Every structure is written in C-alpha cells, then in structure tokens.
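Note sheet for the following structure.
Numbered from 1 within each chain, the chains take letters A, B, ... in sequence-line order. Small disclaimer: the values here were computed from a predicted structure and weren't measured.
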Protein chains: 2
Amino acid sequence: MTGIDLGNETENSIFEAALDVFSRKGKHGARMQEIADTAGINKAMLHYYFRSKDLLYESVLGHVAHHFFSALEDAMSRPGPFTDVLGQMVGVYLDMHAANPAVARLWIQENLNGAPVAERILKQRKQSGAPGPHRLMRRIEQAVDAGEIKPTEPIQLMITVLGMTVMSFISQPTMKTLDPAAMADQAAFLKRRKKHIVEVLTHGLAS
Amino acid sequence: MTGIDLGNETENSIFEAALDVFSRKGKHGARMQEIADTAGINKAMLHYYFRSKDLLYESVLGHVAHHFFSALEDAMSRPGPFTDVLGQMVGVYLDMHAANPAVARLWIQENLNGAPVAERILKQRKQSGAPGPHRLMRRIEQAVDAGEIKPTEPIQLMITVLGMTVMSFISQPTMKTLDPAAMADQAAFLKRRKKHIVEVLTHGLAS
DNA sequence: ATACGTTTTAACCATATGGTTAATTCATCG
DNA sequence: CGATGAATTAACCATATGGTTAAAACGTAT
C-alpha cells in the first residue's frame with residue numbers, strides 16, 4: 001500500500017497501521033491499542049519492534065519522508081521547461097497522495113504540532129545531501145534566473161503547490177458535504193483537479 | 001483574541017484555551033487538564049460550563065465557524081469585479097488566520113478526523129440560510145457565467161484559495177526550517193504572500 | 001527428538017484521563 | 001448582618017493508556 005518495506009511481515013503491518021492511525025488522530029491522540037487492532041496483532045508487538053510510541057512515530061515519519069522526497073526528486077529532475085516540470089510535480093503529488101492520503105495527513109499533523117520531529121529529519125537530510133525540499137528550492141531559483149517563470153520567491157511557490165495539491169485531500173470531508181456530486185468519482189475529480197492547478201499556476205484565472 | 005464573546009470571563013478563557021489546545025492536539029489528543037491549565041482555572045469548571053469534552057469541542061467549532069463565515073460573507077459581498085473580490089477574500093483569509101491561526105488549525109484537525117462535527121454544522125447553516133461556503137460557490141458560478149473569470153468549477157477554486165491561504169500558516173513550522181530568513185518577519189512574509197497569491201490566481205507564473 | 005534463539009501472547013502494573021461530588025467561597029439582595 | 005443561589009475548589013472515582021514481563025509457541029539446526 002505504501003511501497004515501504006521493513007523486511008518483516010509483522011513489522012510492515014504495524015507500520016501501515018501506525019501510519020494510518022497517527023495520520024488521523026495525531027501523535028497524542030493515537031492509541032497504541034488502536035494501532036495494534038488495526039494491524040491485527042498483539043499490542044506487545046508494537047513495543048517489541050519499536051520500543052515506544054515516540055520511536056514508532058519517529059520511524060513512521062522518517063520512512064515516509066524518505067519515500068516521499070525520493071519520488072519528488074525524481075519528478076523534479078526530469079529535463080524540459082520548468083512549466084512542464086511543475087506539471088510533473090503536481091501530478092506526482094496528486095498521484096502519491098491519492099495512493100496513500102495518510103502521508104499528507106501525517107505531515108499536516110506534524111506541522112499542527114510544531115513539527116519538532118520533522119525538523120530534525122529535514123535538517124539531517126539537508127546535511128547528508130539526501131533528497132529533500134531544499135533541492136526543489138534551488139531548482140525554482142534556477143527557473144527564475146533563466147527567465148522560465150516570473151520572479152518568484154521559491155518558498156512562496158512551494159507553499160502554493162503544496163497548498164493546492166495537499167488541500168485537495170485534506171479538505172475532502174468538508175468538500176464532500178459541500179458538493180457531493182463533484183467529489184463522488186475520486187479519479188475523475190483528481191484529473192480535473194490537476195488540470196485546474198496547472199492552468200492556475202501557468203496562466204491564472206483572469207479571462 | 002478571537003473576537004468571540006460568550007458573555008462570561010471564565011467561559012471566555014475556557015473557550016480560548018480549548019480552541020488553542022484542540023487546534024494543536026486534535027479532539028482526541030487534547031487533554032482537559034491542559035485546557036484548564038492554559039485557561040488558568042480549575043478543571044471542574046470545564047464540565048461546569050460545557051458538560052463534557054465532546055460538547056466543549058462542538059461549542060468551539062460552532063462558534064468559530066459562525067465567526068469565520070460571517071467575515072467571509074462580508075468580504076464576498078462587496079461590489080466590484082470578481083478578481084477584486086478574490087483579492088479581498090484572500091486578504092480576509094490571511095488577516096484572520098494571522099490574527100488567530102488556531103481557527104485554521106482546528107478546521108484542518110476536523111478534516112483529518114473525517115469532519116463529522118463540521119458536517120453537521122455546515123448542513124445546518126446551509127439549511128438555515130446562514131453565511132457559509134455554499135454562498136461563495138454561487139458567487140463563483142456567477143462570476144464564471146458573467147465571463148469575469150475563465151470557466152472554473154466552483155469547488156476547484158475554493159480548494160485552491162483555501163489551500164494557498166491556509167497552507168501559509170499550517171506549513172510554517174516546516175518552512176521555518178527550510179528558509180528561516182523568509183519567514184522571520186511574519187507581517188512582511190504575509191504581505192508578500194498575499195501579492196503572490198493574487199498574482200498566481202489572476203495571471204499565473206508563466207513569464 | 002531436543003536444544004536454542006526468536007516471535008507471540010495474556011496477564012499485569014503504574015499512571016493519566018474524563019468526569020463527579022461535596023464542601024467552600026463569593027456576590028447579591030433583603 | 002444573614003440568607004440564598006451561583007461560582008469555584010480539592011479530593012475522589014472508574015476506566016483507559018503506555019509499557020513490562022514471564023511464560024508459551026514457533027522455527028530450525030543439530
């Protein structure tokens with residue numbers, strides 16, 4: 001489901017369950033018993049494999065970050081004009097989160113909580129040169145310098161892309177009560193969503 | 001701080017504390033004791049005024065929704081071309097969340113949790129004709145019909161605006177580790193943020 | 001078969017948590 | 001003042017929660 005393999009059947013089921021529960025309830029709201037039940041295993045196994053709630057959370061966040069940034073790096077590095085690259089990235093974001101919305105939820109949860117764990121992970125990845133958002137910032141700078149897009153603060157564009165994509169998933173419960181018809185077919189909705197995002201990013205909505 | 005007054009000093013302090021704690025930890029992760037400590041009152045007062053955790057949460061969400069939608073309605077209803085109205089709305093979003101980021105966090109928390117409480121509130125507001133997002137959807141439709149903006153699904157634009165504005169606040173912990181300089185001065189950042197959002201919404205970033 | 005290390009389980013423990021209650025303080029009015 | 005009702009507090013309760021442990025089940029190499 002996530003494409004992340006810890007090498008052990010039980011460990012994997014714990015991982016997936018933990019990702020799901022943490023992403024919905026947050027680090028503090030998640031219950032070890034619920035994670036165990038979701039994974040279909042004895043609660044003691046959580047501690048056997050991950051020692052404590054804190055470490056389980058940290059492990060989940062770390063693996064998810066690695067997986068996510070690797071995919072992003074891949075989309076980012078493809079050749080072609082930057083507007084195409086933007087389209088690729090939007091596509092990757094939407095596809096990844098569609099395949100597993102828990103990832104986006106977890107990242108949001110971290111930020112609601114002040115992102116202390118994510119901060120450590122990001123700094124470490126930056127220092128070790130691993131794929132991460134800092135590379136994307138550089139890429140945006142280059143695109144601006146090359147005149148491929150209007151002068152834009154990299155961080156503004158990052159927040160914008162992140163907002164337009166991630167919010168598609170996060171806001172779904174609210175949006176479903178607002179316009180059930182538009183949200184009924186998830187695949188179709190995401191297809192229109194991607195088109196909309198790319199249109200806005202490149203040409204805006206003014207007629 | 002929120003502009004919401006329940007008519008009683010103690011009740012107000014509980015309300016503010018609850019909003020803050022719920023928005024950070026979520027409904028499940030929030031602890032009654034922490035809310036009481038934040039408010040600087042005895043824990044029993046929470047139950048004296050709001051009976052239970054569930055009802056306290058519901059009360060907070062309800063009042064916040066009313067306050068928020070009223071302000072939105074106000075910005076939405078001003079005359080002038082729709083692109084201007086969009087700018088107004090973006091400004092209102094950014095200003096409101098800047099004044100009290102807990103509101104945005106709380107709404108996100110609700111959605112991460114499937115938004116069962118928000119759903120009830122929204123349906124009720126729609127039925128009673130109170131200000132709410134359904135009015136904004138109509139306004140977008142009108143703008144499209146009048147040719148003021150390109151043909152756009154109302155819900156797409158709503159998610160886009162919401163994403164670009166709300167994400168400015170939600171992602172701050174992550175962004176601060178990514179580009180501390182850009183985020184250091186909150187007011188200046190938000191000023192640039194608004195300009196960026198309006199530019200993207202109207203003309204896009206292609207040079 | 002059996003000995004040995006690993007995985008899994010059920011029972012258990014100390015503490016945290018939502019909620020209650022009886023007693024106390026406080027304000028107000030006669 | 002003294003009485004009456006609302007606001008506030010400290011102590012308490014039943015249960016939930018993160019975490020531990022000793023024993024059982026399992027796999028496997030000899």
- Query: Which one, D:dG19, C:dG19, D:dT8, comes nearest to the side chain of B:H47?
  - Reply: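 The listed nucleotide nearest to B:H47's side chain is C:dG19.
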Taking the minimum atom-to-atom distance to the side chain of A:K53, which one of D:dG18, C:dG18, C:dA10 wins?
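Shortest atom-to-atom distance from the side chain points to D:dG18.
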Atom-to-atom span, [atom1] of [X] to [atom2] of [N] - whole angstrom:
{"X": "B:E34", "N": "C:dG18", "atom1": "CD", "atom2": "P", "answer": "10 Å"}
{"X": "A:N8", "N": "D:dC26", "atom1": "CG", "atom2": "C1'", "answer": "14 Å"}
{"X": "B:Y49", "N": "D:dT9", "atom1": "OH", "atom2": "P", "answer": "10 Å"}
{"X": "B:Q33", "N": "D:dT17", "atom1": "CD", "atom2": "C1'", "answer": "17 Å"}
{"X": "B:D54", "N": "C:dT17", "atom1": "CG", "atom2": "C1'", "answer": "14 Å"}
{"X": "A:L55", "N": "D:dG18", "atom1": "CG", "atom2": "P", "answer": "14 Å"}
{"X": "B:M45", "N": "C:dC26", "atom1": "CE", "atom2": "C1'", "answer": "12 Å"}
{"X": "B:H28", "N": "D:dT17", "atom1": "NE2", "atom2": "P", "answer": "11 Å"}

5'-most contact on DNA chain D (nearest-nucleotide basis), A:R31 vs A:A44, goes to A:R31
Within less than 4.0 Å of OP1 or OP2 of [N], is there a side-chain N or O belonging to [X]?
{"X": "A:Y48", "N": "D:dG19", "result": "no"}
{"X": "A:T10", "N": "C:dT7", "result": "no"}
{"X": "B:S52", "N": "C:dG18", "result": "no"}

inquiry  = Under 4.0 Å between a side-chain nitrogen and a carboxylate oxygen: does that hold for A:E58 and A:R120?
reply    = yes
Query raised in the report: Does the pair B:E119/B:K123 count as a salt bridge with the N-to-O cut at 4.0 Å?
Result: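 A salt bridge is present here (some side-chain N lies under 4.0 Å from a carboxylate O).
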Original post:
Does the base of D:dG19 carry an N or O that pairs as donor and acceptor with the side chain of A:K43 under 3.5 Å?
Top reply: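 Checked by distance alone, the answer is yes.
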Problem set entry | Ring centers of B:F68, B:H97 separated by less than 6.0 Å |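 Judged by ring-centre distance (under 6.0 Å), B:F68 and B:H97 do meet the cut-off.
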TODO: Just call it for B:F50: base, sugar-phosphate, or nothing, with non-hydrogen atoms closer than 4.0 Å on any strand.
DONE: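 If one applies the 4.0 Å heavy-atom cut-off, B:F50 turns out to touch nothing in the nucleic acid.
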Select base, sugar-phosphate, or nothing to describe what A:A36 touches, counting heavy atoms under 4.0 Å on all strands.
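Result for A:A36 = nothing.
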Worksheet item: Is the number of heavy atoms from other residues, nucleotides or ligands within 6.0 Å of NE2 (B:H66) greater than 12?
Response: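 It does not: B:H66 NE2 has 12 such atoms or fewer within range.
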Discussion item. Side chains of B:N113 and B:H28: any donor to acceptor distance under 3.5 Å?
Written reply: yes
